[in-house]
Protein chains: 2
Amino acid sequence: MNVLLTGAFGRVGTAIIDHLAERDEYDYTYLNRSDRDEYETFVADVADYDAIRPAFDGADAVVHLAGYPETDGTFEQTLDNNIRGMYNVLEAAKDAEVERFVFGSTNHVVGMYEVENAPDIYYPDFGLTVDEDAPHRPDSYYGASKAYDEDLGRYYVENFEFPKRFYALRICSVRHEEYDHPYGDAELGVDEGTWERGSDEYDEMVARMKAMWQSRRDLAQMVDRCLRDDSVEFDVFYGVSANDRRWFDIDHAREVIGYEPQDNGEEWDSPPE
Amino acid sequence: MNVLLTGAFGRVGTAIIDHLAERDEYDYTYLNRSDRDEYETFVADVADYDAIRPAFDGADAVVHLAGYPETDGTFEQTLDNNIRGMYNVLEAAKDAEVERFVFGSTNHVVGMYEVENAPDIYYPDFGLTVDEDAPHRPDSYYGASKAYDEDLGRYYVENFEFPKRFYALRICSVRHEEYDHPYGDAELGVDEGTWERGSDEYDEMVARMKAMWQSRRDLAQMVDRCLRDDSVEFDVFYGVSANDRRWFDIDHAREVIGYEPQDNGEEWDSPPE
């Protein structure tokens with residue numbers, strides 16, 4: 001299976017590369033705005049249709065991760081990178097007859113369920129579950145742009161011949177390899193001198209990440225399950241590990257694509273040495 | 001109450017003017033891309049923030065109808081007129097501290113429920129009801145852009161001080177005054193020479209409109225109810241008359257804003273003489 005990975009060298013893309021690139025059944029092409037020495041790269045910006053179009057020839061699947069990735073994005077930043085970018089990638093997939101589209105969406109499509117309940121929602125037994133049918137409640141221009149991207153993807157699979165399958169992964173929190181644990185964001189803050197270990201901010205960040213963390217291997221497994229699935233036309237799955245404190249549903253991903261997360265933030269009592 | 005009406009001279013805008021403009025309690029300002037002799041007009045394009053911003057000073061409510069209005073719109077047409085246009089209008093409403101935002105959305109946000117069931121869905125007792133919580137299933141770039149607009153409006157009311165109230169009206173089919181009945185579209189086709197009275201296309205159009213019609217007075221009443229409401233932060237209502245054949249829910253609008261539609265497409269056996 002030929003898989004085109006856009007935004008290949010971000011946190012999520014590298015998790016896929018680390019865990020799936022060596023699999024015999026996948027032949028990856030990496031599309032990214034900038035080059036990396038260690039990988040052969042198709043260098044192009046998803047905001048430029050003509051530049052990206054050739055990368056889609058011969059692809060069986062696209063895993064689309066390129067885009068502005070944070071909630072601080074302005075409307076303009078999300079317009080070019082996420083809204084126009086998604087249109088271009090869907091158009092290229094349609095024209096090149098790419099069958100399968102795995103989309104790196106975000107929990108921020110429904111981020112207001114967290115915002116209105118924070119910080120209580122970060123602690124055990126809060127009792128809220130947000131599932132794939134929850135009405136969109138974006139917390140940012142970023143979240144709104146990804147909501148549009150999901151809707152546009154659904155329009156394509158339901159109206160055009162290609163792509164035939166669309167998987168919207170509302171990814172929660174995937175970290176770089178050196179911070180791939182529920183203390184990752186808090187330890188990153190310590191390393192950057194933003195706050196001290198044991199401060200209120202540190203503790204709240206850990207509490208949040210014990211709910212929101214998706215380990216790199218769990219993310220990669222979820223993508224793998226989407227690439228193997230033959231049942232979905234359009235569906236939404238939450239990208240989160242089997243954290244006791246999660247408020248996002250994973251039963252739907254278990255049932256539909258066979259997601260079997262290996263990690264649970266609650267198993268960590270302290271950061272790794 | 002000072003009400004700013006954008007896209008004032010379209011089908012929906014003129015229905016509001018015809019039924020609400022003479023009310024003592026409303027003082028309307030008409031914003032439109034082009035002038036009309038009979039009305040004082042603030043001429044500006046919603047794609048240009050600086051041009052529209054002065055029109056928002058002193059407004060208590062905006063009824064935002066301007067935008068590309070049809071399902072045939074390209075991505076580019078919906079990007080400027082509907083996506084950037086909505087951002088500009090929301091920003092202007094935020095900056096000018098406009099309390100109330102009534103948005104002319106469309107049934108095409110969830111248009112695929114119709115597409116996949118047509119034409120059977122146009123006939124009595126089909127049994128489908130699409131309500132305000134139905135997942136977005138746009139049937140066009142136009143529908144996808146309006147879905148984004150609703151999500152962006154929700155982001156604004158839930159995150160900024162203004163606007164405080166947002167009403168997304170998923171309008172079904174409001175016609176010009178001379179075609180304001182369930183035979184309107186079909187008779188328009190006859191008048192334009194597109195088809196003949198009694199043809200299959202004519203009959204199917206009538207069947208569809210008996211389900212989808214919202215009379216001009218019912219649309220105006222729904223807007224009036226939104227302007228008087230003091231309960232909603234964000235909500236979605238379907239703009240349709242009390243048609244027996246409708247598949248869009250109106251109980252929610254009855255309960256929340258007191259919508260009491262006066263018309264029902266089923267009461268018409270023939271076009272008016």
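By convention in this document, chain letters (A, B, ...) are assigned in the order of the sequence lines, proteins followed by strands, and residues within each chain are numbered from 1.
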Between chain A and chain B, identify all donor-acceptor pairs below 3.5 angstrom, including backbone and side-chain atoms.
| residue | atom | partner | partner atom | Å |
| --- | --- | --- | --- | --- |
| E76(A) | OE1 | R84(B) | NH2 | 3.3 |
| E76(A) | OE2 | R84(B) | NH1 | 2.8 |
| R84(A) | NH1 | E76(B) | OE2 | 2.8 |
| R84(A) | NH2 | E76(B) | OE1 | 3.3 |
| E91(A) | OE2 | Y141(B) | OH | 3.4 |
| H136(A) | ND1 | D151(B) | OD2 | 2.8 |
| R137(A) | NE | E158(B) | OE1 | 3.2 |
| R137(A) | NE | E158(B) | OE2 | 3.3 |
| R137(A) | NH2 | E158(B) | OE1 | 3.3 |
| R137(A) | NH2 | E158(B) | OE2 | 3.2 |
| Y141(A) | OH | E91(B) | OE2 | 3.4 |
| Y141(A) | OH | Y156(B) | OH | 2.5 |
| D151(A) | OD2 | H136(B) | ND1 | 2.8 |
| Y156(A) | OH | Y141(B) | OH | 2.4 |
| E158(A) | OE1 | R137(B) | NE | 3.2 |
| E158(A) | OE1 | R137(B) | NH2 | 3.3 |
| E158(A) | OE2 | R137(B) | NE | 3.2 |
| E158(A) | OE2 | R137(B) | NH2 | 3.2 |

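The candidate with the highest count of non-hydrogen atom pairs below 4.5 Å against chain A, out of V115(B), V109(B), V236(B), I83(B), is I83(B).
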Kindly indicate, with the supporting measurements, whether the criterion side chain to side chain contact (heavy atoms under 4.5 Å, CB included) is fulfilled by F75(A) and L90(B). CA-CA 12 Å; F75(A) 172 76; L90(B) 280 165; over 6 Å; no

